[in-house]
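Here is the structure we will look at, set down as structure tokens.
This structure is a prediction, so every number in the text was calculated from the model and none was measured. Counting starts at 1 for both ligands and their atoms, following the listed order.
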Amino acid sequence: MTDEQVSSPAEPLRVGVLGARGRMGAEVCKAVDAASDLELVATVDQGDDLTAVSDAGAQVVVDFTTPDVVMGNLQWCVERGIHAVVGTTGFTEQRLEQVRGWLAAKPGVGAVIAPNFGIGAVLMMQFAARAARHFESVEIIEQHHPRKLDAPSGTATHTARQIARARAEAGLGPVPDATKDEVAGARGADIDGVRVHAVRATGLVAHQEVLFGTTGETLTIRHDSYDRVSFMPGVLLAVRAVPDRPGLTLGLDPLLG
Ligand SMILES: NC(=O)C1=CN([C@@H]2O[C@H](COP(=O)(O)OP(=O)(O)OC[C@H]3O[C@@H](n4cnc5c(N)ncnc54)[C@H](OP(=O)(O)O)[C@@H]3O)[C@@H](O)[C@H]2O)C=CC1
Ligand SMILES: O=C(O)C1=N[C@H](C(=O)O)C[C@H](O)C1
């Protein structure tokens with residue numbers, strides 16, 4: 001075998017992390033550092049300059065910041081041709097349309113935006129969407145640590161929308177409910193006709209139950225993240241995939257096969 005025939009290992013993919021000192025960002029930094037095919041080249045948090053990312057030649061950025069700043073970060077990355085993997089919550093349909101616009105102006109650039117990178121959580125959402133057509137009643141109970149800034153969670157909002165879509169496709173009417181709210185909020189938030197209840201308690205990380213009911217039976221689909229390490233396989237999957245996925249990928253489902 002000549003020297004030319006000896007295949008050299010591919011260069012590691014250069015990754016920058018935004019929100020690097022946060023709960024998720026710090027875990028992502030550890031996971032990227034530990035992966036031999038990835039190189040952590042930039043870590044940016046509140047008060048740091050984003051140009052650290054471009055100066056370091058990052059090819060992919062992972063964003064776990066806050067709903068207030070994520071849109072600015074994402075636009076900055078896309079305009080510079082840097083692929084993005086985004087776990088930060090707060091993506092309304094209007095925001096997603098804006099992102100699609102930025103990506104359309106930069107063909108070849110990809111963004112994966114996922115409300116939940118936990119493989120079990122993705123399956124929980126898929127199972128819930130599948131069950132939805134068979135049950136007249138449904139409610140979502142999400143439970144998180146008390147330092148979470150938003151409610152309901154991005155996962156719960158996404159699950160509710162998927163369930164509402166499945167119900168509409170199946171021709172189901174509104175969820176039956178004769179209750180009068182004696183105290184505002186007692187019946188939770190209404191997302192596309194699905195009630196969502198948000199619980200916050202010390203000791204929790206990220207948990208969700210979807211409770212379905214029909215005559216004589218209920219079905220509960222539950223997922224628990226006990227540790228933020230649970231999100232890392234999904235994050236790394238998206239980091240590796242995004243350079244080959246121009247445009248917007250919503251959720252982890254298309255990457256799981
Ligand atoms: N998709 C998924 O699988 C998951 C999504 N999430 C979501 O990820 C987001 C982050 O969660 P979590 O890590 O718990 O939150 P944290 O508050 O622990 O982390 C957010 C970090 O972003 C920093 N930050 C704020 N502004 C900027 C900025 N302009 N540039 C760079 N960094 C900035 C914060 O700094 P400072 O504290 O100084 O403000 C903080 O260090 C939330 O929206 C959460 O819902 C969480 C878990 C899983
Ligand atoms: O803030 C969190 O912790 C989480 N946020 C995401 C959400 O809002 O759905 C994902 C997971 O639930 C953890």
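- Considering backbone and side-chain atoms alike, T89 places an N or O below 3.5 Å from some N or O of ligand 1.
- Of the N and O atoms on the side chains of T179 and D177, at least one donor lies less than 3.5 Å from an acceptor on the other residue.
- Atom 7 (C) of ligand 2 has as its closest protein heavy atom G154 N, 3.4 Å.
- Counting protein heavy atoms under 4.0 angstrom from atom 13 (O) of ligand 1 gives one or more.
- Using a distance-only test at 3.5 Å, with no hydrogens or angles considered, no donor-acceptor pair links the side chain of N116 to the main chain of V122.
- Note on ligand 1: P115 sits in its first shell, one or more heavy atoms being nearer than 4.0 Å.
- Counting the atoms of ligand 1 from 1 in the order shown, those under 4.0 Å from a heavy atom of M24 are 13 (O), 46 (C), 47 (C), 48 (C).
- Around atom 25 (C) of ligand 1, the closest heavy atom drawn from Q46, R147, H158, H144 belongs to Q46.
- In this structure, E93 does not pair ionically with R161, as no charged nitrogen and carboxylate oxygen lie closer than 4.0 Å.
- The aromatic rings of F135 and F212 sit tilted relative to each other, their planes meeting at an angle between 30° and 60°.
- Between the side chains of H144 and E142, at least one donor N or O sits under 3.5 Å from an acceptor N or O.
- Those atoms of ligand 1 with a heavy atom of V69 less than 4.0 angstrom away are 26 (N), 27 (C), 28 (C), 29 (N).
- The contact set between ligand 1 and K148, taken as ligand atoms under 4.0 Å from a residue heavy atom, comprises 45 (O).
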List the steps and the verdict of side-chain hydrogen bond (donor to acceptor under 3.5 Å, both in side chains) for H83 and Q59. CA-CA 6 Å; H83 308 289; Q59 295 157 288; over 6 Å; no
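- Within ligand 1, counting atoms from 1 as listed, the ones closer than 4.0 Å to a heavy atom of A114 are 1 (N).
- The contact set between ligand 2 and S153, taken as ligand atoms under 4.0 Å from a residue heavy atom, comprises 7 (C), 8 (O), 9 (O).
- Among F64, F91, F117, the residue whose heavy atom lies nearest to atom 4 (C) of ligand 1 is F64.
- Ligand-side atoms of ligand 1 in range of R21: 41 (O), range being under 4.0 angstrom from any heavy atom.
- Those atoms of ligand 2 that come under 4.0 Å of a heavy atom in N116, given as number and element, are 10 (C), 11 (C), 12 (O).
- Residue A206 approaches ligand 2 through these ligand atoms, each under 4.0 Å from one of its heavy atoms: 11 (C), 12 (O), 13 (C).
- Here is the list of ligand 1 atoms found below 4.0 Å of a heavy atom in N116: 1 (N), 2 (C), 3 (O).
- Residue contacts with ligand 2 leave out M24, since none of its heavy atoms falls under 4.0 Å from the ligand.
- Here the rule is side chain to side chain donor-acceptor pair (under 3.5 Å) with Q208, and of T155, T159, D224 only T159 fits it.
- Of the protein's non-hydrogen atoms, H144 NE2, 3.6 Å is the one closest to atom 11 (C) of ligand 2.
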Derivation and outcome, side-chain hydrogen bond (donor to acceptor under 3.5 Å, both in side chains), residues Q98 and Q94: CA-CA 6 Å; Q98 247 182 303; Q94 195 188 3; over 6 Å; no
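- Heavy-atom proximity to H145, at under 4.0 Å, picks out these atoms of ligand 2: 1 (O), 2 (C), 3 (O).
- Only the backbone of P115 comes within contact range of ligand 2, with a heavy atom under 4.0 Å; no side-chain atom does.
- Annotation for ligand 2: atoms under 4.0 Å from non-hydrogen atoms of T155 are 7 (C), 9 (O), 10 (C), 12 (O).
- Looking from atom 4 (C) of ligand 2 to the surrounding protein, the closest heavy atom is K148 NZ, 3.7 Å.
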